[in-house]
Amino acid sequence: MKLWGGRFREPLDPFIEEFHASLSFDKRLVLYDIIADQAHAKALAISGVISEELADKMVNALEEIKEEVKEGKRKVKGDEAEDVHTLVENWLTEKIGEEAGFLRAYRSRNEQISCDERLYLKEETSLIIQGLSSLQGMLLKLAERHKNWKIAGYTHLQRAQPLLLSHHLLAYFWMFQRDKERFLDTLKRIDISPEGAGAIAGGKLDPQVKANLLGFSRVFENSIDAVSDRDFILEFLSACAICSVHLSRLAEEVVLWSSEEFGFLSLSDAVSTGSSMMPHKKNPAPAEIIRAKTGRVIGSLISLLVILKGLPLSYNSDLQEDKPPLFDAVDTLKSSLKAMEKILQNACFNKEGLEKSLEDYLLALEIADYLLEKGVPFRKAHFIVGRILLYAREKSKKFNELTLEEFRLFSPLFEEDIYASLSFSSFLEKRNFPGGTGEEAVEKQLQKAKEVLSQYG
Ligand code: ARG
């Protein structure tokens, strides 16, 4: 049974019927649709459109349907109705008969679908935030476990300066923290009720009543905007895309770091795969898949941006196509967050491999700063250190293997104390400003991260 048809003489072409139907994907919203229907039945009774008894009958029957769906007794195949709204109403008609038709009073599917999506996203957003917290917890654990382990930091993928490994890991903690804040902020725009907007002009029921019944914090300001707005999904998908990009960058580091060339970490068998041809291979495939799935999530955001571009107000059937990319992004992001957590849980850092990256020349800046502190303009000091580096390379010596006489070939300002600057520990000690990579600074950062994690949960 359809929710329309009186003005049609011919049936819909069977192919077009299937082409246009959305139940195969919007069935995922079934529980939210039932909840919204229950609120509508109550709102109809509150404003005197239907009797309290009929509203109770509808609410109870819908409750039974909800339980049956939850328990798996009532299944949605996906082709038994045009969309999820029609399906739920058909089920209600099966339960209470023709009176179910009163549920359509003062109601349009245009407001209904936006309501279902908003209820769905309120829940999914908190699940994603939980997934992010869990991943952040894993990063914190790793940062704590490897306190004071040193590693080369890279810029341009070239060794740049010494760092603490925990500092590097915590960089991801803060990236995921920003993701979480973005999702929380998006939630403010998700949490607006479109109910009462009708098809476009606004219904005859007080929108505030349904917003209260459904637990929305706010009500739409304009009925036209309410039925055509998908900004809340765009924002949500943007947050998903940015978060996926963060996951992809971390995945890329896992791939690089687990290579023999880097040798910074090894992944346990639980998160590695093999090659059908090369018996020796152990591949970081799950991390590669996370990297690839980011493309899908970005694709979802782009799909919806393109769907919306050029749409006149207000509701257009194009909006029906917002759901496949939305659902795909939700599933993809949630599974990627979980996979990344498992990968990190199964990653074992290799102290020797990390220390190998700490080449002596990473301290070049320390020598330039030494000269700067003795009154040499930095540009000149930079040039001098460049020359010292060329000299040391020629002699196959490390900086701290050069004699004072050799240092003095380049500047008379060098004294015995230059050697105190030529260690990784002294480099780190000088970087204890807030947010720096010194041991004390990173300890404070760890404490702050723990606090932030416990605040946001
Ligand atoms: N199935 C539609 C969607 O997913 C909702 C129905 C919109 N109204 C209409 N007259 N077709 O957006």
Side-chain angles (χ1 to χ4, degrees), residues 1-8 11-37 39-40 76-92 100-101 103-124 190 192-203 205 210 214 220 223-237 300 303-331:
M1 283 247 300
K2 285 198 175 49
L3 299 178
W4 48 272
R7 58 106 63 226
F8 292 83
L12 195 57
D13 175 279
F15 175 79
I16 295 296
E17 176 145 28
E18 205 187 312
F19 179 70
H20 154 263
S22 57
L23 185 62
S24 62
F25 50 87
D26 65 21
K27 63 182 180 184
R28 191 188 281 231
L29 299 173
V30 66
L31 291 175
Y32 306 100
D33 200 70
I34 296 172
I35 292 169
D37 277 352
H40 186 63
V76 191
K77 285 210 300 313
D79 61 356
E80 56 272 56
E82 180 182 326
D83 57 24
V84 68
H85 323 298
T86 312
L87 178 73
V88 173
E89 209 171 305
N90 287 348
W91 282 344
L92 185 65
L103 197 62
R104 275 284 114 208
Y106 306 134
R107 191 107 196 268
S108 163
R109 287 179 292 169
N110 299 353
E111 59 187 329
Q112 212 175 337
I113 189 63
S114 164
C115 177
D116 292 0
E117 289 180 317
R118 287 169 185 275
L119 291 173
Y120 162 79
L121 276 181
K122 274 171 83 168
E123 258 182 47
E124 290 298 347
I190 291 173
I192 298 175
S193 175
E195 287 285 302
I200 172 171
L205 302 178
K210 275 207 265 181
L214 289 165
F220 64 88
S223 63
I224 310 168
D225 183 36
V227 293
S228 61
D229 172 29
R230 291 294 181 272
D231 292 358
F232 64 102
I233 303 184
L234 277 184
E235 279 188 52
F236 174 83
L237 288 176
S300 293
S303 292
L304 187 59
L305 281 167
V306 178
I307 288 170
L308 291 172
K309 182 197 160 297
L311 276 193
L313 293 178
S314 59
Y315 183 87
N316 295 275
S317 290
D318 310 50
L319 296 181
Q320 178 165 297
E321 285 295 313
D322 62 352
K323 282 167 280 300
L326 170 62
F327 296 154
D328 191 63
V330 167
D331 293 345

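What's counted below: heavy atoms across the whole structure, side chains too, no hydrogens, waters or symmetry copies. In each ligand, atom 1 is the first atom listed, and ligand 1 is the first ligand listed.
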For atom 9 (C) of ligand 1, which protein heavy atom lies nearest, and how many Å away is it?
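In this structure, atom 9 (C) of ligand 1 has Arg109 NH2, 3.7 Å as its nearest protein heavy atom.
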Starting from atom 4 (O) of ligand 1, what is the nearest protein heavy atom, named by residue and atom, and what distance separates them?
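Answer, as residue, atom name and distance: Lys323 NZ, 2.8 Å.
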What atoms of ligand 1 come closer than 4.0 angstrom to any heavy atom of [X]?
X: Asp83; answer: 1 (N)
X: Ser22; answer: 1 (N)
X: Asn110; answer: 7 (C), 8 (N), 9 (C)
X: Tyr315; answer: 2 (C), 3 (C), 5 (C), 6 (C), 7 (C), 8 (N), 12 (O)
X: Gln320; answer: 1 (N), 2 (C), 3 (C), 4 (O), 12 (O)

Among Lys210, Arg107, Arg109, whose salt bridge (charged side-chain N to carboxylate O under 4.0 Å, His left out) with Asp37 holds?
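Among Lys210, Arg107, Arg109, the one meeting salt bridge (charged side-chain N to carboxylate O under 4.0 Å, His left out) with Asp37 is Arg107.
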Closest heavy-atom contact between [X] and [Y]?
X: Tyr315; Y: Val227; answer: CD1-O, 3.8 Å
X: Gln112; Y: Asp33; answer: NE2-OD1, 3.5 Å
X: Glu117; Y: Leu29; answer: CG-CD1, 4.2 Å

State, yes or no, whether a side-chain contact exists between Asp225 and Phe220 at a heavy-atom distance under 4.5 Å.
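In short, these two side chains do not touch, never coming nearer than 4.5 Å.
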Is the backbone of Ser108 close enough, under 3.5 Å, to the side chain of Glu111 for a donor and an acceptor to pair up by distance?
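Looks like yes, one N/O pair under 3.5 Å.
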Which is it for Glu82 and ligand 1 at heavy atoms under 4.0 Å: side chain, backbone, both or neither?
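Neither; nothing of Glu82 gets under 4.0 Å from ligand 1.
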